[in-house]
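Just below is one structure, and these are the notes that go with it.
The residues of the chain are indexed from 1 along the displayed sequence.
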Amino acid sequence: MARSRDKEDAEKYSDLLKLVQILSFLVVFVAGIIIGLATSAHINTYFSSQAQLFSTSTVTSFQVSSSKANCSQTRTPCPEPDCLSKDVFLHPTNLTHKLSDDELFWRASLTPYKKEYPFPRLPKVAFMFITRGPLPFMPLWERFFKDHDKYFSIYLHTPPDYHLNASIDSPFHGRQIPSQRVEWGTVSLADAERRLLANALLDFSNERFVLLSESCIPVYNFPTVYKYLIGSSYSFVESYDDPTRYGRGRYNRRMLPHIKLYQWRKGSQWFEMQRSVATYIVSDTKYYNLFKKYCKPACYPDEHYIPTFLNMFHGSMNANRTVTWVDWSMGGPHPAMHEGVNVTEGFIQAIRNNGTLCAYNDKLTSVCYLFARKFAPSALEPLLNLSSTVMNF
């Protein structure tokens, strides 16, 4: 009996031990699952937060660098520029670029076939100054341009290392184009003219293009000049056949067969032209290269290239005269320079109406010259004194 009871007790103890082992295993198993789930959730949270932090820091870093590049570290929010914006394409406000001349001329030669504009276009006059440094008559020009901002653009070709000192409210402020050195009498002067035209052509609002120097002045007020140029059906480029050694005598027969002697022309460097003619000039490579190769002192490309090119291909679009008055009465290779003592009311009136007639849109007019040169810096003060009474600005 005792043995049988002991055996039963042993079996019960063994069963109880097995039950405890099973329960212990279940507890450990459940605890392992709970710990595993908790650890997995923590790891996912960690890596998600790190990914979000990395993404945020990357975007923030890009935005900061873009902001610094595009906003020049301004404190005001900078809107993201639209590279395909109509305004950016049609009216570039920043004249700084890194285009080579060939790239610039190609870009400027682009012309839409569609004649209608998909925006209200107000035609402007591009005033292109080619200078050797300062603009002594800048105060006079600023008075001329005042209150007419919508109707003109200014472009300055100066020595590359020269910075024009113009106040921020001056129309000349920030208007220097990427320039190269110019040697007067060489093809580099024609390069500068084409460079000015090309930069001005990038603005689709520019319809007329006038070339001026630092010694040029206006002799009429802005509304008169604007109406005269915008209303003209022709360009104003002097182009004539000079049979002397200063004209045909500069022709080089190595330009044959592309340019013949009877096509050779001479004219004043100081031109004014319409947009279509300006586009033809910057688009030309063949005839420009001929002048670059064969027109060297005593042949001067700035006096022959454009007059000859227009005579050959676009003569019907040209009035064959200049709108810039120059005094050649003294003779010699350079025109007369007028000092301050020469500037009187009668002198300016004589330029404005010198008794001669010229053609304007196939009719005769007494208004032939809108600008004049050459004037010395000493002429500034008397010109300012006469601007309101004689030139009406």
Side-chain angles (χ1 to χ4, degrees), residues 92 94-109 126-138 141 153-166 170 172-203 206 209-216 237 250 252 266-273 278 281-309 324 326 333-335 337 371 373-377:
N94 189 352
L95 300 186
T96 301
H97 58 75
K98 295 183 179 180
L99 297 176
S100 67
D101 278 353
D102 286 340
E103 292 169 338
L104 174 64
F105 297 153
W106 176 84
R107 170 66 179 81
S109 68
F127 291 83
M128 309 178 303
F129 292 83
I130 182 168
T131 79
R132 288 172 284 191
L135 282 172
F137 297 107
M138 187 163 63
W141 283 104
S153 303
I154 293 177
Y155 301 86
L156 303 172
H157 191 290
T158 66
D161 55 353
Y162 177 76
H163 176 71
L164 181 69
N165 185 19
S170 170
F172 290 91
H173 179 75
R175 303 308 297 176
Q176 290 178 253
I177 68 168
S179 305
Q180 297 183 25
R181 294 201 173 276
V182 172
E183 294 183 18
W184 298 86
T186 69
V187 74
S188 63
L189 191 52
D191 291 336
E193 296 171 0
R194 281 158 48 94
R195 204 171 291 126
L196 280 164
L197 283 172
N199 278 277
L201 281 167
L202 297 182
D203 188 331
N206 290 328
F209 305 78
V210 55
L211 183 68
L212 302 158
S213 75
E214 69 268 28
S215 66
C216 287
V237 180
R250 296 173 178 176
N252 191 326
K266 181 182 178 180
S268 170
Q269 171 191 0
W270 311 106
F271 59 74
E272 192 284 333
M273 60 181 60
I281 296 297
V282 302
S283 302
D284 172 52
T285 300
K286 176 180 178 179
Y287 294 92
Y288 165 77
N289 284 336
L290 286 172
F291 276 86
K292 183 177 181 179
K293 187 174 182 180
Y294 297 120
C295 183
K296 298 179 179 181
C299 176
Y300 304 103
D302 58 290
E303 294 183 2
H304 295 281
Y305 166 60
I306 293 179
T308 300
F309 183 78
T324 300
V326 181
H334 300 289
M337 173 72 77
F371 313 99
R373 66 184 303 270
K374 301 171 64 172
F375 287 84

What are the two closest heavy atoms between [X] and [Y], and how far apart are they?
X	Y	result
F137	S215	CE1-CA, 4.2 Å
L211	Q269	CD2-O, 3.5 Å
K296	K293	CE-O, 3.5 Å

Do [X] and [Y] make a side-chain contact, defined as non-hydrogen atoms from C-beta onward lying under 4.5 Å apart?
X	Y	value
L95	L156	no
F309	I281	yes
F271	P307	no
H97	P178	yes
W141	F129	yes
L164	M138	yes
I130	W270	yes

Short question: side chain of [X], backbone of [Y] - any donor-acceptor pair under 3.5 Å?
X	Y	value
N206	A200	yes
R250	A298	yes
T131	E214	no

task: Could you please spell out the steps behind the side-chain contact (heavy atoms from CB on, under 4.5 Å) verdict for L197 and M273?
output: CA-CA 10 Å; L197 283 172; M273 60 181 60; 4.1 Å; yes

- request: Answer yes or no on whether R194 is positioned over the face of F105, meaning its NZ or CZ is under 6.0 Å from the six-membered ring centre and within 45° of the axis.
  value: yes

message: Whether the T158 and Q176 side chains hold a donor-acceptor pair (N or O, under 3.5 Å, no angle test) is what I'd like checked.
response: yes

task: Apply side-chain contact (heavy atoms from CB on, under 4.5 Å) to Y287 and T308, showing your working.
output: CA-CA 9 Å; Y287 294 92; T308 300; over 6 Å; no

message: With side-chain contact (heavy atoms from CB on, under 4.5 Å) as the criterion, how do Y155 and L202 come out once you've worked through the C-alpha distance, each side chain's angles and the decisive distance to 0.1 Å?
response: CA-CA 12 Å; Y155 301 86; L202 297 182; over 6 Å; no

task: Could you grab the distance from atom NE2 of H304 to atom SG of C295, nearest 0.5 Å is fine?
output: 6.0 Å

Verdict with supporting geometry, F209 and E272, side-chain contact (heavy atoms from CB on, under 4.5 Å): CA-CA 5 Å; F209 305 78; E272 192 284 333; 5.8 Å; no

- prompt: How about K374: does its NZ atom have over 12 heavy atoms from other parts shown lying under 6.0 Å from it?
  reply: yes

- request: Decide if atom CG of N289 counts as having more than 12 heavy atoms of other residues, nucleotides or ligands within a radius under 6.0 Å.
  value: yes

message: Less than 4.0 angstrom from a charged side-chain N to a carboxylate O is my criterion; do R181 and D191 meet it?
response: no

